[in-house]
Structures are given as C-alpha cells and as structure tokens.
Amino acid sequence: MEESQEDLLPSDVPESTSSNIGERLTSSAHANRGSGFPGAKKRGLSSRSWIKIDQDGNSKVLELDKSRIMRHCSLPSRDLRLLDPLFIYPSTILGREKAIVVNLEQIRCIITAEEVILMNSLDRNVVQYESEFCRRLQMKKDQADDLPFEFRALELALELTCMSLDVKVRELEMEIYPVLDELASSINTLNLERVRRLKGQLLTLTQRVQKVRDELEHLMDDDGDMAEMYLTEKKLRSEGNSPTEPNAQNSFFSGTGVVSKSAPVSPIASTNGAPRLQRAFSSIVTSKQGSFSSSHDGENIEQLEMLLEAYFVVIDHTLSKLLSLKEYIDDTEDLINIKLGNVQNHLIQFELLLTAATFVATLFAAVAGVFGMNFAASIFDYPSAFTWVLVITGAGCGLLYFSFLLYFKYKKIFPL
C-alpha cells in the first residue's frame with residue numbers, strides 16, 4: 001500500500017497550511033506545474049485539485065485526474081461523479097471495498113484506511129475540516145484511539161455537516177420569527193413577500209437536513225453497508241495476519257503426519273479417505289474463520305452504529321426545529337386567514353345592513369314618488385295631509401328596518 005501510495009502521490013508537491021488560503025492556492029498551482037503527472041496536461045479539465053491527509057496529520061495539495069483516483073481507491077466512475085462540484089447530488093455516504101465515498105454538503109472526500117482525499121475548495125467547511133482533522137491526528141498520534149482512521153474522518157465530516165446545518169437553522173429562526181410576529185400584527189404586501197422568501201429558504205434547508213437524516217438512517221438499518229465501511233479490518237484480513245490454521249491445513253495434507261505402521265489400512269479408505277478428510281477439514285476451517293469474522297463484524301457494526309446514532313440524534317433534533325418552524329409559519333398563516341375571514345365577515349354584515357337600509361329607503365322613495373304624480377285626489381285639498389303621509393311612511397320604514405335587525409339577531413347572522 002505504501003508503494004502504490006507513493007506511485008499515486010508525487011513527492012515534490014509542497015504541503016499546504018489550512019490557515020492560509022493564499023498559500024494553498026499557490027501550492028496548488030505549483031503542484032499543477034510540477035506534479036509529475038503526464039496525464040494532467042493531456043486531460044486538462046479532468047484534473048482537479050485535491051487535499052491528501054495521511055494518518056500523521058500531514059496534508060498536501062495535489063492535482064489528480066479521475067483515472068488515478070479510480071485505480072488507487074478501486075472506485076467506479078459513478079462514485080467519483082458524486083463528488084463532482086459541477087453536479088448537484090444529495091448527501092450520500094457509500095461504503096466500497098477500499099474506500100468510503102462521502103458527499104455531505106460542501107465536504108466531498110474519499111476516505112481510505114490510510115488517508116483522506118478531500119476535494120479542494122475555499123469553502124469554510126472544507127478549510128475547517130482540513131485544519132481540524134490534521135490537528136486531531138497530530139494530537140492523538142501518541143495516544144490510543146478506539147476508533148479507526150476511517151471512522152475518525154467520517155465522524156469529523158458528520159460533525160461539521162451537522163454543525164453547519166444547525167447554524168443555518170438558528171440563523172433562519174432569528175430572521176423568521178420577528179417577521180412572522182410583525183406579519184401577525186400588520187398584514188401588508190411587504191411582510192407577505194418577506195415571509196414567502198423565508199418560507200422558500202426553509203423548505204430548501206428542510207430537504208437538505210432530511211436527506212442527511214435519511215442517509216444516516218439507511219446506513220444504520222443496513223448491517224452490510226456498515227460492515228463494508230470498516231476498511232482497517234478488511235485491510236488487516238487481506239494482509240493475512242493469522243496464517244496458523246492454513247499452515248496447519250497444508251501440513252496436514254502434505255503427508256508429514258506420523259501414522260502407526262501396526263494400524264490396519266483399508267484399500268478403500270486409502271483411496272477415498274484423503275479427499276473426504278480434506279473436505280471435512282476445509283469446512284471446519286471455513287466455519288472457524290466465518291465465526292471469527294462475524295464476531296468481529298458484529299463488534300465493528302455496533303461501534304459504527306453508535307457513532308452514526310449519535311449524529312442521527314443531532315440531525316434529527318435539527319430537523320425537529322425546522323418542522324417546528326414550519327408549524328409556526330402554518331399557525332401564522334392560519335391566524336392571518338382567520339383575521340382576513342373575520343374582516344370579510346364584518347364587511348358582509350355591513351353590506352347586509354346597507355342592503356336592508358337601501359330597501360327601506362326605496363319604499364319611502366316609492367311612496368314619495370306616488371304622491372308626486374300629477375293626478376287629482378281629495379287628499380291634496382288638505383295642507384297637512386302630505387305631512388302626515390311623510391310621518392306615517394317614515395315610521396313604517398323605521399319599523400320595517402327594526403324588524404330586519406330583530407330577524408338578523410334571531411338568525412344569529414351577526415351579534416347586535
């Protein structure tokens with residue numbers, strides 16, 4: 001692994017410092033000019049800037065193309081496509097044979113058992129990931145850690161992602177609560193437009209948090225995916241650190257065992273016994289190795305499951321705050337609708353009163369119009385007759401309008 005790593009990663013690339021972004025860009029340009037990759041100039045746009053962090057906490061800025069990374073980490077091209085910043089993919093964590101592909105918000109990296117290959121960016125989360133991870137590795141260089149290298153790298157990616165999303169949720173809360181309170185007290189176009197814009201941001205942020213939560217939940221529900229992500233254990237098994245049982249099996253079938261000369265030998269057993277014993281012994285060894293690996297996988301799965309569960313609780317709490325904020329917006333919208341409905345009811349009641357008054361006035365005008373006709377009648381011979389007509393007509397119209405009000409009150413159309 002060390003030889004393949006040296007073949008992939010050039011030795012003349014300068015180390016980058018996470019605290020100085022300008023120096024990182026300078027070292028990146030220097031790596032592009034003198035990295036020693038002949039394919040980088042030919043491919044051009046296929047080469048990207050990556051940050052390599054080893055187990056000792058040393059970081060380097062490299063210019064690598066997809067083919068080098070695919071060969072080094074044994075990854076298909078579709079996995080590297082998830083890390084392409086030109087495409088928008090939801091948050092994803094994939095466990096492969098020799099690497100873990102992590103795409104969490106702005107943190108896009110490939111984690112192996114010995115190193116982290118991080119997509120180089122000027123984003124605050126990427127810079128913080130590089131500096132914090134190097135600091136933790138250098139601090140724990142002489143200390144024993146329960147978590148393997150790949151889990152520590154994954155833990156920091158989850159931690160920064162959860163912290164970043166939680167900060168955005170708090171900022172949104174501080175901005176949206178005063179706007180909603182102002183809208184509840186004063187309904188106008190400006191406040192409605194501000195709430196509409198903030199609600200769009202809330203829905204976008206909820207989708208991002210929901211995707212991270214679903215990804216963690218999917219990993220915790222699938223034991224096979226979690227077992228696939230334990231890269232250090234698979235590396236130790238591939239190196240063959242415990243070859244005692246295979247050697248015993250080889251020595252057993254090599255014919256070096258001591259057999260008593262006085263023991264009777266069956267001619268049938270001498271021809272068919274060895275293959276039978278070989279199959280039986282191989283099944284025993286396989287079962288022992290399977291039980292050993294399953295016990296270790298169960299322990300590792302539990303260790304990774306506890307790690308994922310801790311950040312699942314954090315991201316679930318962040319999602320609950322977003323849902324509470326959405327419920328607050330819905331409650332404010334319901335309150336606004338209730339207020340608008342109440343205003344509309346008052347307008348309808350006022351319109352009803354005006355309609356009743358218009359009807360009574362129309363009756364009064366109709367009586368006045370009849371007496372304004374040019375026809376001969378004995379009532380016009382009395383000077384006070386028209387006055388009595390007006391008084392009686394006005395009293396009748398007032399009584400009719402009062403009866404309308406009593407009817408409205410009886411039907412509970414509006415309180416009086």
Side-chain angles (χ1 to χ4, degrees), residues 168-207 209-210 319-416:
K168 292 179 180 178
V169 171
R170 288 201 301 268
E171 292 177 354
L172 187 61
E173 284 179 343
M174 295 176 60
E175 186 177 1
I176 202 170
Y177 278 123
V179 176
L180 291 176
D181 294 338
E182 184 179 356
L183 179 62
S185 60
S186 175
I187 304 174
N188 52 48
T189 306
L190 179 60
N191 290 335
L192 289 174
E193 180 63 26
R194 293 171 62 188
V195 171
R196 186 193 65 82
R197 177 178 57 84
L198 293 175
K199 189 175 182 180
Q201 297 179 6
L202 174 65
L203 294 177
T204 303
L205 188 58
T206 303
Q207 293 177 357
V209 174
Q210 183 70 46
L319 181 61
S320 65
K321 290 195 294 185
L322 288 173
L323 296 179
S324 300
L325 189 58
K326 184 178 182 299
E327 291 179 359
Y328 190 80
I329 293 178
D330 295 338
D331 294 341
T332 305
E333 290 179 351
D334 295 338
L335 178 61
I336 292 174
N337 292 330
I338 291 174
K339 286 186 174 183
L340 293 177
N342 189 25
V343 172
Q344 187 178 5
N345 291 335
H346 284 297
L347 292 176
I348 293 174
Q349 293 171 4
F350 184 71
E351 182 182 3
L352 190 59
L353 292 176
L354 287 179
T355 304
T358 303
F359 176 73
V360 173
T362 303
L363 291 179
F364 186 83
V367 174
V370 170
F371 281 92
M373 294 294 180
N374 188 12
F375 62 91
S378 60
I379 193 172
F380 292 110
D381 296 336
Y382 301 95
S384 61
F386 188 71
T387 304
W388 282 104
V389 170
L390 293 178
V391 171
I392 294 172
T393 304
C397 290
L399 182 62
L400 180 62
Y401 187 75
F402 185 71
S403 64
F404 275 130
L405 295 181
L406 292 179
Y407 178 78
F408 293 154
K409 183 178 181 180
Y410 175 75
K411 290 296 184 178
K412 297 180 180 180
I413 297 179
F414 55 85
L416 293 175

Worksheet entry | Inter-residue atom distance Leu192.CG - Ser186.OG, 0.5 Å rounding | 9.5 Å
Item to complete: Look only at the side chain of Asn342 and the backbone of Ile338, and say whether a donor-acceptor pair between them is shorter than 3.5 Å.
Response: no
Worksheet entry | Whether over 12 other heavy atoms sit under 6.0 Å from Phe350 CZ | no
Worksheet item: To the nearest 0.5 Å, what is the distance between CD1 (Ile329) and CG (Leu202)?
Response: 5.0 Å
Discussion item. For residues 172-186, which residue pairs pass the salt bridge (Lys or Arg N to Asp or Glu O under 4.0 Å) check, not counting sequence neighbours?
Written reply: Glu175-Arg197, Glu182-Arg194
Response to the item:
dist Leu183:CG -> Asn188:CG (nearest 0.5 Å) comes out at 7.5 Å
Contacts table for residues 393-406: side-chain donor-acceptor under 3.5 angstrom, sequence neighbours left out:
| residue | atom | partner | partner atom | Å |
| --- | --- | --- | --- | --- |
| Thr393 | OG1 | Val389 | O | 2.6 |
| Ser403 | OG | Leu399 | O | 3.4 |
| Ser403 | OG | Leu400 | O | 2.4 |

Discussion item. Nearest 0.5 Å, please: how far is NZ in Lys168 from CD in Gln201?
Written reply: 11.0 Å
Practice prompt. Decide side chain to side chain contact (heavy atoms under 4.5 Å, CB included) for Leu335 and Asp331; before the verdict, give the C-alpha distance in whole Å, the side-chain angles of both, and the deciding distance to 0.1 Å.
Written response: CA-CA 6 Å; Leu335 178 61; Asp331 294 341; over 6 Å; no
Worksheet entry | Residues forming a salt bridge (charged side-chain N to carboxylate O under 4.0 Å, His left out) with Asp330, sequence neighbours excluded | Lys326
Worksheet item: Can you pull the salt bridge (Lys or Arg N to Asp or Glu O under 4.0 Å) pairs that have at least one residue in residues 333-360, sequence neighbours excluded?
Response: Lys199-Glu333
Fill in: Least distance between heavy atoms, Leu325 atom then Ile176 atom
CD1-CG2, 3.2 Å
Worksheet item: If you take all heavy atoms of Phe364 and Leu390, which pair is closest and at what distance?
Response: CE1-O, 3.8 Å
Worksheet item: Closest heavy-atom contact between Thr358 and Thr362?
Response: O-OG1, 2.6 Å
Worksheet item: For Gln344, what residues pass the side-chain hydrogen bond (donor to acceptor under 3.5 Å, both in side chains) criterion, not counting sequence neighbours?
Response: none
Item to complete: Mind checking the CZ-CG spacing from Phe408 to Leu352? Nearest 0.5 Å is all I need.
Response: 3.5 Å
Fill in: Heavy-atom side-chain contact between Leu340 and Ile336 under 4.5 Å
yes
Response to the item:
Rounded to the nearest 0.5 angstrom, the OH-CG distance for Tyr177 and Leu198 is 12.5 Å
Practice prompt. Just jot down the side-chain contact (heavy atoms from CB on, under 4.5 Å) partners of Ile392, sequence neighbours excluded, or say none.
Written response: none
Worksheet item: Heavy-atom distance under 4.5 Å between the side chains of Val367 and Leu363, does that happen here?
Response: no
